[in-house]
Amino acid sequence: MYLQSHIQRRIDGHMGERYDAGAVEPKWQERWEKSDLYRARDDDRDRPTYYILDMFPYPSGEGLHVGHPEGYTATDILARFRRMRGDNVLHPMGFDAFGLPAENYALKTGIHPAIVTKRNIDNIRRQIKRLGFSYDWKREVVTTDPDYYRWTQWIFLQMFDNDLAYQASAPINFCPRCRTGLANEEVKGGLCERCGSEVERRELRQWFLRITRYAERLLDGLDDLDWPESIKTMQREWIGRSTGADVTFRLADPPAGVDPGLVVYTTRPDTLYGATYMVLAPEHSLVGKVMTQERRAEVEAYVERARRKSDRQRTELQKDKTGVFTGAYAVNPMNEEKIPIWIADYVLLSYGTGAIMAVPAHDQRDYVFASRYEIPIVTVIEPHDGSRPPEGRAFVHDGVNVNSGPFDRLSTAKAIPAFTKHLEDSGLGKGVVRYKLRDWLFSRQRYWGEPIPVVHCSGTCGTVAVPESELPLLLPEVERFEPTGTGDSPLAAIEEWVSTACPKCGGPARRETNTMPQWAGSCWYYLRYLDPTNGEKLVDPDLERHWMPVDLYVGGAEHAVLHLMYARFWHMFLNDQGIVSTPEPFGALRNQGMILGFSYRYYMDEADAPTPSSDVTVIKEAAGRAVHRGDGRTMREAWVAAQDVAWQGEGAMRTPVHPTIPGLVLEEVTEKMSKSRGNVVNPDEVIERYGADVMRMYEMFMGPLEASCPWSTEGIEGVHRFIMRSWRLYADRPSNDEEGLTRLRHRTVRSITRHLEALEFNTAISDLMVYVNELTRLDEVSTTDLETLALLMAPYAPHLSEEAWERMGRTQSVHLASWPSFDEKLAAAETVSRGVQINGKLRGEITSGAGAAEDEIWQAAEALSNVARYLVGREVTRVRIVPRLVIFKVK
RNA sequence: GCGAGGAUGGCGGAACUGGCAGACGCGCCAGGUUUAGGUCCUGGUGGGCAUUGUCCGUGGGGGUUCGAAUCCCCCUCCUCGCACCA
């Protein structure tokens with residue numbers, strides 16, 4: 001028998017040859033790379049293309065954990081499957097390498113971020129390659145390469161030229177820890193999305209991109225995308241489209257020189273008669289102009305207080321609504337009543353017009369406020385059914401207008417357009433559409449990002465684009481990366497870089513020192529894969545048309561609104577510029593779930609006395625505070641890493657206990673892998689122990705792709721056993737040229753093909769297991785079965801399949817072979833067994849030939865003694881024969 | 001508070017458009033191989049009663065149906081997202 005020299009023959013309890021992943025996997029990886037097996041063919045215009053894309057990783061210093069390769073494994077399996085089915089597959093990988101961690105690391109160690117980044121990329125690329133993925137590495141892109149970010153800057157300039165990039169001094173979200181501004185999308189509950197610090201407001205000159213111009217298209221485009229509904233919903237809500245009306249209220253006594261019109265936005269113009277006061281945001285420009293002298297002190301004090309509050313503080317106290325009266329009045333345009341103008345921080349300057357008409361009877365916030373400050377509450381909508389509106393709160397639903405002059409008795413659906421029309425006819429307002437989406441804060445005050453390619457002319461030219469011929473505008477080489485004390489980027493301190501000549505007038509000018517946010521490079525990387533070395537263009541139009549759009553995009557759900565919306569925005573812009581041919585970049589999107597780890601918890605009190613979790617309750621109402629069940633004293637969590645846990649007892653009684661505190665039983669918790677919990681599983685260690693094929697297969701076997709499942713060190717053993725058992729079919733079992741397990745083979749091919757098409761990897765693996773288990777029972781295995789198995793396994797376990805394929809005497813790679821086909825007729829059973837159900841309960845089973853007539857089946861069923869027993873003396877209705885059941889109904 | 005998703009053995013999870021609940025794997029039990037352990041192989045494994053069988057069982061309660069994990073109504077809990085957006 002032919003033997004690979006590097007496969008060790010081992011006596012291992014079981015006679016035969018053990019599969020040595022440590023030798024086989026690198027061997028094939030090397031051969032595949034040498035033979036360019038996975039090149040995507042630009043010049044092949046006959047086969048259908050399939051562009052399957054992973055969200056490229058940020059190369060962190062810690063390297064990958066087992067969560068990252070889950071999505072990569074799924075896409076690799078599909079890429080290999082599609083290749084075997086004859087598609088021309090594009091499956092690239094790259095690195096999203098600008099970002100704060102490398103810069104912060106540079107600050108700590110003095111090592112240049114470019115060096116750290118390169119080192120991290122090399123490590124992660126090595127980790128990825130060990131898993132045997134079929135990426136076309138010749139297309140790798142790295143966002144920090146000048147040849148790459150040249151085009152990121154180029155796109156920015158196109159936006160600048162098209163009035164989509166502008167500067168403004170605006171109060172922005174500023175993270176004191178990251179020392180940089182943040183986009184609205186990067187703030188979660190008032191905290192920095194990256195580091196969790198509380199976000200401050202700061203007034204700084206910033207760059208913005210007019211993503212709001214694309215709001216409608218970003219919203220509409222979602223409808224036709226094959227994306228998870230949850231992601232589409234999140235984007236829809238983030239865009240936050242609403243329809244309503246801008247209404248102009250007249251100031252009752254406008255001070256000299258002040259525009260008497262006060263414009264508010266409302267989605268309920270039908271409640272206009274119920275507007276009993278108005279509210280300005282504390283920062284509203286009109287506040288200082290309309291407040292009366294006697295209210296001045298109080299108003300200014302309130303404005304100052306509101307200004308100091310962070311967004312988080314402002315939203316935390318959402319139940320308490322505070323405000324002060326300005327002393328000024330406006331006139332309700334519908335009924336000419338004088339209504340007071342207040343300021344309150346529940347009105348946000350950044351939405352609508354920064355001012356509202358308050359209708360306490362029909363808006364809960366206004367209701368709470370009006371109740372507190374004893375402002376009149378006037379009902380103008382009543383329920384349709386004439387029932388009384390609820391006591392003590394606002395009636396916010398649709399209904400019928402009352403107290404609304406000529407609009408009385410109109411239902412809400414009719415009243416809204418009627419009011420809007422009236423406003424437009426009388427010049428008091430107009431119908432408008434608004435969005436929650438704000439322009440994208442695009443500048444960061446950091447070093448490690450793409451320089452924004454503009455200069456500020458010291459003369460009269462203003463802000464001038466760097467000429468395209470000067471791109472890429474390189475980051476200067478520097479020793480120090482500290483942000484300046486003023487909140488400026490570290491670039492601002494590099495005088496010889498900042499000081500330059502104006503491209504327009506040639507006079508002195510200063511370079512823009514802000515850099516782009518990390519999202520910039522990832523907005524278009526999928527385009528550069530198509531043409532990664534093009535020095536003339538971002539992407540060749542012909543190649544773009546050939547490959548785009550991305551057929552399937554897989555990545556984590558955490559990018560739901562950030563990356564995925566920014567990339568869509570850039571893509572739409574590039575589409576408008578004629579650079580890309582499709583309106584949307586990613587046709588189908590799937591999210592992989594998280595891989596969780598086990599960690600072990602107990603509690604400590606103030607005196608560090610350890611307590612098992614069973615003695616502790618967590619009070620949800622008190623922000624998750626943990627207290628002792630007995631005496632209610634406050635407890636804090638303590639953790640033991642999985643590898644330190646001692647185990648007590650056997651089998652079902654097996655209990656985790658503390659390694660050093662005797663008798664302290666620990667609570668097993670599954671949660672996100674993190675260094676601090678000590679529950680991180682490193683892929684390098686898994687591969688060393690089991691090999692890449694086992695790791696790939698286990699990642700897919702754990703559960704559905706989208707589900708979050710805990711990594712189980714026992715569970716992977718089962719997959720390891722399966723791989724070893726599969727190998728033994730090739731290594732130490734005689735084969736023959738007979739039919740083999742024809743029916744099971746066809747069924748398995750059918751089932752796995754369908755599962756793969758539906759991205760159901762876990763159940764496809766279970767089909768493989770059934771097939772292998774059946775083959776294992778045989779003394780001799782047919783070559784046809786062995787070949788089919790190798791082909792079916794090829795996407796999942798590419799190394800083992802290749803090794804088996806070669807061992808069967810094949811000289812061409814299994815990955816170039818065709819996906820096996822199946823025959824429905826051969827997959828069908830000769831005999832069919834059916835359960836016999838009476839009134840929904842199973843009472844027996846019959847087996848009949850595949851072609852048996854219905855009558856025959858009924859008779860066989862009725863003849864069963866256990867069935868006859870239930871049918872005798874009853875009125876019997878035969879109901880149906882379905883594939884797996886014969887169904888009777890009796891009375 | 002609003003929105004989305006979810007709850008199935010000791011565990012991870014299967015179950016096509018309503019049709020034999022628990023595929024596959026882990027764990028566990030028994031047997032075999034082995035000097036022993038591990039590996040490997042075979043069988044068993046939701047719970048109760050019992051001799052073929054039978055009753056109960058998919059978070060809880062109700063409903064539709066010959067038949068419900070699956071459809072409808074109510075409720076509980078969990079996860080995620082948003083959160084004063086006028």
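Nothing here was measured: the structure is a model prediction, and the numbers come from that model. Every heavy atom of this structure was used, including side-chain atoms; hydrogens, water molecules and symmetry mates were not. Chain naming here is simple, since letters A, B, ... match the order of the sequence lines and numbering starts at 1 in each.
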N/O donor-acceptor pair, side chain Lys321(A) with base C84(B), under 3.5 angstrom: yes
Over all strands shown, is Arg777(A) touching base, sugar-phosphate only, or nothing at heavy-atom distances under 4.0 angstrom? sugar-phosphate
In this structure, is the centre-to-centre distance between the rings of His746(A) and Phe822(A) below 6.0 Å? no
For Arg236(A), which contact category applies under a 4.0 Å heavy-atom criterion: base, sugar-phosphate, or nothing? nothing
Whom does U51(B) pair with, Watson-Crick or G-U wobble, provided both distances fall under 3.5 Å? none
When rounded to whole Å, the OH to C1' distance for the pair Tyr435(A) and C82(B) reads 20 Å
Exam field: side chain Lys232(A) to backbone Leu222(A), donor-acceptor pair closer than 3.5 Å: yes
Tell me: CH2 of Trp342(A) to P of C84(B), nearest whole Å? 22 Å
Just name whichever nucleotide pairs with A7(B), Watson-Crick or G-U, keeping both distances under 3.5 Å, else none. U76(B)
Return the polar atom pairs (N/O with N/O) between nucleotides 1-6 of chain B and the protein under 3.5 Å, or none.
from  : atom 1 : to        : atom 2 : distance (Å)
G3(B) : O2'    : Glu237(A) : OE2    : 3.4

Pairs in or reaching into residues 872-891 of chain A: which pass ring pair (Phe, Tyr, Trp, His ring centres under 6.0 Å), with residues at least two apart or in two chains? Trp858(A)-Phe888(A)
Nearest-Å distance for atom pair CD1/C1', residues Ile343(A) and C84(B): 16 Å
Determine which pairs satisfy salt bridge (Lys or Arg N to Asp or Glu O under 4.0 Å) with at least one residue from residues 350-364 of chain A, sequence neighbours left out, and list them in order. Asp363(A)-Arg365(A)
Counting any heavy atom closer than 4.0 Å, what does Asp366(A) reach on the DNA or RNA strands: base, sugar-phosphate only, or nothing? nothing
Which whole number of Å gives the distance between the C1' atom of C20(B) and that of C26(B)? 25 Å
Any base atoms under 4.0 Å from Tyr277(A), or only sugar-phosphate, or nothing? Heavy atoms, all strands. nothing
Say we look at U64(B) and C73(B): how far apart would their C1' atoms be, to the nearest angstrom? 11 Å
Judged by modelled atom types alone, do Tyr351(A) and Ser242(A) share a side-chain donor-acceptor pair under 3.5 Å? yes
Regarding G62(B), purine or pyrimidine glycosidic angle vs 90° from 0 gives anti
With sequence neighbours left out, the residues meeting salt bridge (charged side-chain N to carboxylate O under 4.0 Å, His left out) with Arg241(A) are Glu216(A)
CD1 of Ile838(A) versus P of G67(B): gap in Å, rounded? 14 Å
Integer-rounded Å distance: A86(B) C1' and His362(A) NE2: 15 Å
Go through the side-chain N and O atoms of Asp767(A) and Thr748(A) and say whether any donor and acceptor fall under 3.5 Å apart. no
So, Phe395(A) versus His397(A), ring centres under 6.0 angstrom or not? yes
Rounding to an integer number of angstrom, what distance separates U70(B) and A14(B) when you compare their C1' atoms? 14 Å
Heavy-atom protein contacts under 4.0 Å, nucleotides 11-26 of chain B, coded B base, S sugar-phosphate only, - none: -BSS----BB--BBSS
Closest to the 5' end of RNA chain B, once Asn866(A) and Thr266(A) are matched to their nearest nucleotides, is Asn866(A)
Any strand, both distances under 3.5 Å, Watson-Crick or G-U wobble: G12(B) pairs with C24(B)
If the C1' atom of U8(B) is compared with that of G59(B), how far apart are they to the nearest Å? 10 Å
Could you work out which one of C84(B), G53(B), A86(B) sits closest to the side chain of Asp363(A)? A86(B)
Identified pairing partner of U42(B), criterion: Watson-Crick or G-U wobble below 3.5 Å: A30(B)
Output the rounded distance in Å from CG (Asn591(A)) to P (G81(B)). 13 Å
P-based separation of G31(B) from C80(B) [nearest Å]: 46 Å
Integer angstrom distance from the C1' of G37(B) to that of C49(B): 41 Å
Which pairs of donor and acceptor atoms, one on a side chain in residues 270-277 of chain A, lie under 3.5 Å apart (sequence neighbours left out)?
from      : atom 1 : to        : atom 2 : distance (Å)
Asp270(A) : OD1    : Arg268(A) : NE     : 3.0
Asp270(A) : OD2    : Arg268(A) : NE     : 3.3
Asp270(A) : OD2    : Arg268(A) : NH2    : 3.0
Thr271(A) : OG1    : Arg268(A) : O      : 2.8
Thr276(A) : OG1    : Pro376(A) : O      : 2.8
Tyr277(A) : OH     : Tyr346(A) : OH     : 3.1
Tyr277(A) : OH     : Asp366(A) : O      : 3.1

Quote, to the nearest angstrom, the P distance that separates C11(B) from U58(B). 15 Å
Just checking, is any N or O donor in the side chain of Arg438(A) or Ser350(A) under 3.5 Å from an acceptor N or O on the other one? yes
Mark yes or no: Arg393(A) above the aromatic ring of Tyr367(A), with NZ or CZ under 6.0 Å from the six-membered ring centre and no more than 45 degrees from the axis. no
Which whole-number value in Å describes the distance from Met234(A) CE to A83(B) P? 12 Å
Rounded P spacing from G25(B) to C78(B) in Å: 34 Å
CZ of Arg689(A): more than 12 outside heavy atoms within 6.0 angstrom? no
The Watson-Crick or G-U wobble partner of C82(B), with both key distances under 3.5 Å, is G1(B)
Please determine whether a side-chain nitrogen or oxygen atom of Lys188(A) lies at a distance below 4.0 Å from atom OP1 or OP2 of C82(B). yes
For U35(B), the nucleotide meeting Watson-Crick or G-U wobble distances (both under 3.5 Å) is none
Tell me which of Lys841(A) and Thr353(A) sits closer to the 5' end of RNA chain B, going by the nucleotide each one is nearest to. Lys841(A)
Is there a side-chain polar atom (N or O) of Tyr351(A) under 4.0 Å from OP1 or OP2 of A86(B)? yes
NE2 of His559(A) versus C1' of C80(B): gap in Å, rounded? 16 Å
